[in-house]
Amino acid sequence: MSSSQTTEKISLHHQADDTGYRLIELPSELESLLESENAPVLTLESSETSALLKTPDRTYALRQKNTSNSVILLSPTTTSTSQDQGMSAISTIHETVELELVPQAVATSGPLKNTGSRGKWHERFGKGR
């Protein structure tokens with residue numbers, strides 16, 4: 001490198017915050033659905049084995065995967081003493097969440113039934129404890 005060339009430097013700071021971040025690996029069809037103009041509302045529900053993420057026509061089981069390589073989450077920053085741009089490491093992530101498509105027969109047990117117990121779910125829950 002000649003002496004006339006200059007290299008720009010980017011400062012890196014460690015500014016961990018207390019937010020617990022999780023990265024979710026989205027299947028391509030779910031990513032396309034979420035980026036569409038009419039993106040649907042997604043819901044999270046519990047099951048016997050895992051949490052379930054539900055779209056209008058598919059259900060995904062959430063599975064935590066530990067990774068051997070950590071991922072560092074960075075955020076752009078500007079220092080207060082100058083206009084130099086830098087980066088701050090705000091979190092180190094050691095695991096990700098994987099979405100696994102649940103077969104449709106298992107995902108739905110049919111439409112919800114009216115049991116006549118509106119507003120009394122807490123009574124039924126308390127009896128089984």
Side-chain angles (χ1 to χ4, degrees):
M1 176 186 296
S2 72
S3 61
S4 64
Q5 291 179 329
T6 61
T7 54
E8 292 186 34
K9 296 179 182 179
I10 298 175
S11 59
L12 179 62
H13 305 280
H14 186 262
Q15 293 180 329
D17 61 19
D18 293 332
T19 305
Y21 294 97
R22 294 277 190 240
L23 296 181
I24 299 177
E25 296 180 19
L26 295 179
S28 58
E29 65 273 4
L30 183 56
E31 180 183 5
S32 299
L33 183 66
L34 292 174
E35 290 178 341
S36 68
E37 286 189 25
N38 298 323
V41 174
L42 305 180
T43 58
L44 282 173
E45 296 180 8
S46 62
S47 75
E48 293 179 12
T49 57
S50 69
L52 300 174
L53 177 71
K54 292 191 171 193
T55 70
D57 61 344
R58 293 183 182 204
T59 300
Y60 298 90
L62 280 72
R63 308 257 188 245
Q64 180 174 305
K65 290 183 359 179
N66 294 331
T67 58
S68 59
N69 297 325
S70 298
V71 175
I72 299 174
L73 189 59
L74 299 173
S75 175
T77 59
T78 302
T79 60
S80 60
T81 57
S82 69
Q83 294 298 329
D84 294 336
Q85 290 289 320
M87 300 298 287
S88 291
I90 59 173
S91 183
T92 303
I93 300 170
H94 301 281
E95 60 273 327
T96 59
V97 176
E98 172 183 58
L99 298 180
E100 181 180 292
L101 185 63
V102 176
Q104 194 62 22
V106 176
T108 59
S109 57
L112 296 176
K113 298 177 185 172
N114 183 355
T115 61
S117 63
R118 289 188 183 117
K120 298 182 181 180
W121 66 269
H122 60 282
E123 294 174 6
R124 293 182 59 197
F125 178 76
K127 288 179 184 177
R129 294 183 99 189

*Transitive ILVMFWY side-chain link Tyr21 to Leu74, under 4.5 Å*: no
*Shared hydrophobic cluster for Leu34 and Val41 (ILVMFWY, side-chain gaps under 4.5 Å)*: no
*asked:* Around atom CD1 of Ile10, are there more than 12 heavy atoms from other residues, nucleotides or ligands closer than 6.0 Å?
replied: no
_Chi angles and distances behind the side chain to side chain contact (heavy atoms under 4.5 Å, CB included) call for Leu23, Glu25_ = CA-CA 7 Å; Leu23 296 181; Glu25 296 180 19; over 6 Å; no
Please report the interatomic distance [atom1]([X]) to [atom2]([Y]), rounded to the nearest 0.5 Å.
X     : Y     : atom1 : atom2 : answer
Ser91 : His14 : OG    : NE2   : 8.5 Å
Ile72 : Ile90 : CD1   : CD1   : 11.5 Å
Thr59 : Leu42 : OG1   : CG    : 11.0 Å
Thr67 : Lys65 : OG1   : NZ    : 9.0 Å

*Go through the side-chain N and O atoms of Ser70 and His94 and say whether any donor and acceptor fall under 3.5 Å apart.*
yes
_Test item: side-chain donor near acceptor, Asn38 and Ser36, under 3.5 Å_ = no
At their closest point, which heavy atom of [X] faces which heavy atom of [Y], and how far apart are they?
X      : Y     : value
Thr77  : Met87 : OG1-N, 3.7 Å
Leu62  : Ser50 : O-CB, 3.5 Å
Leu12  : Ala89 : CD1-N, 4.3 Å
Leu99  : Leu26 : CD1-CD2, 3.8 Å
Leu52  : Ala61 : CD2-CA, 3.9 Å
Val102 : Tyr60 : CG2-C, 4.0 Å

*Residues two or more places apart in sequence or in another chain: which of them pass side-chain contact (heavy atoms from CB on, under 4.5 Å) with Ser46?*
none
*What residues form a salt bridge (Lys or Arg N to Asp or Glu O under 4.0 Å) with Glu35, not counting sequence neighbours?*
none
*By salt bridge (Lys or Arg N to Asp or Glu O under 4.0 Å) - contacts of Glu95 (at least two apart)*: Arg22
*asked:* Quick check: do Leu33 and Pro40 have side-chain heavy atoms less than 4.5 Å from each other?
replied: yes
_Measuring only between side-chain heavy atoms, which start at C-beta, is Leu30 closer than 4.5 Å to Leu53?_
yes
